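Here is the structure we will look at.
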Amino acid sequence: MAIIITDECINCGACEPECPNTAIYEGAVDWKYNEGTSLTGGIKLLNGIAVDADEDQEPVSDEYYFIVPDKCTECKGFHEEPQCAAVCPVDCCVPDDAHVETEEELLAKQKFLHN
């Protein structure tokens, strides 16, 4: 499953540079699928949704740092554990029950993001 940042976030930013997929953004900041990935132009996500990887996307949160579920692989293929959770001083990077994925799905996503 993806990781989510709860509303207990203190906006310290420790998590953002640790993400190998560039899936973590500061609150209220637009983001793109192509940032930190090899994705470019028109793509079809693994969930079947077509998007433009180069186009700005709406922030997931306007108040605190957020993780884009479509870009989060729980650091599978890079690290033994989610690095955002490892560095978070207030333990607000937790599993996202709304985005449950198997290890195989997370590894497939990692391969898709960085082919």
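Here the structure is a predicted model, which is why all the values come from computation and not from measurement. Note that the numbering runs from 1 along the sequence shown for the chain.
Judged by distance alone, the side chain of N47 and the main-chain N or O of I49 form a donor-acceptor pair under 3.5 Å. With hydrogens and angles ignored, the 3.5 Å screen pairs a side-chain donor or acceptor of D54 with a backbone N or O of G41. In this structure a side-chain-to-backbone donor-acceptor pair under 3.5 Å is missing from S61 to F66.
For the side-chain hydrogen bond (donor to acceptor under 3.5 Å, both in side chains) with H114, the lone residue among T37, T73, N21 that qualifies is N21.
Using modelled atom types and a 3.5 Å distance limit, the side chains of N34 and T40 yield no donor-acceptor pair. K32 and Y25 form no side-chain donor-acceptor contact under 3.5 Å, judged by distance and modelled atom types alone.
Rounded to the nearest 0.5 angstrom, Y33 OH and L113 CG are separated by 10.0 Å. Here D70 contributes atom CG and F112 contributes atom CZ; the two are 9.0 Å apart, rounded to the nearest 0.5 Å. D52 contributes atom CG, which lies 8.0 Å from atom CD1 of I43 (distance to the nearest 0.5 angstrom). Taking CD of E35 as the start and CD of Q57 as the end, the distance is 10.0 Å to the nearest 0.5 Å. Rounded to the nearest 0.5 Å, atoms CG (L46) and CD (E101) are 8.5 Å apart. Note: K109 NZ to K71 NZ = 11.0 Å, rounded to the nearest 0.5 Å.
Side-chain contact between D62 and P59 is present, with at least one heavy-atom pair separated by less than 4.5 Å.
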For residues 82-96, please give each side-chain donor-acceptor pair under 3.5 Å, one per line with the distance, not counting sequence neighbours.
{"residue": "Q83", "atom": "NE2", "partner": "E81", "partner atom": "O", "Å": "2.9"}
{"residue": "D96", "atom": "OD1", "partner": "A98", "partner atom": "N", "Å": "3.0"}
{"residue": "D96", "atom": "OD2", "partner": "H99", "partner atom": "ND1", "Å": "2.6"}

Name the atoms and distances for all side-chain donor-acceptor pairs under 3.5 Å in residues 1-17, with sequence neighbours left out.
{"residue": "T6", "atom": "OG1", "partner": "E8", "partner atom": "N", "Å": "3.3"}
{"residue": "N11", "atom": "OD1", "partner": "Y65", "partner atom": "N", "Å": "3.2"}
{"residue": "N11", "atom": "ND2", "partner": "E63", "partner atom": "O", "Å": "3.2"}

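With hydrophobic clusters built from ILVMFWY side chains whose heavy atoms lie under 4.5 angstrom apart, I24 does not share a cluster with V29. When the side chains of ILVMFWY residues are joined at heavy-atom separations under 4.5 Å, either directly or via intervening members, I67 and L106 end up in two distinct hydrophobic clusters. Following chains of ILVMFWY side-chain contacts shorter than 4.5 Å, one cannot reach L107 starting from V68, and the two form parts of different hydrophobic clusters.
Not counting sequence neighbours, H79 has no partner by the ring pair (Phe, Tyr, Trp, His ring centres under 6.0 Å) test.
Shortest non-hydrogen contact noted between F78 and Q110 is CZ-NE2, 3.2 Å.
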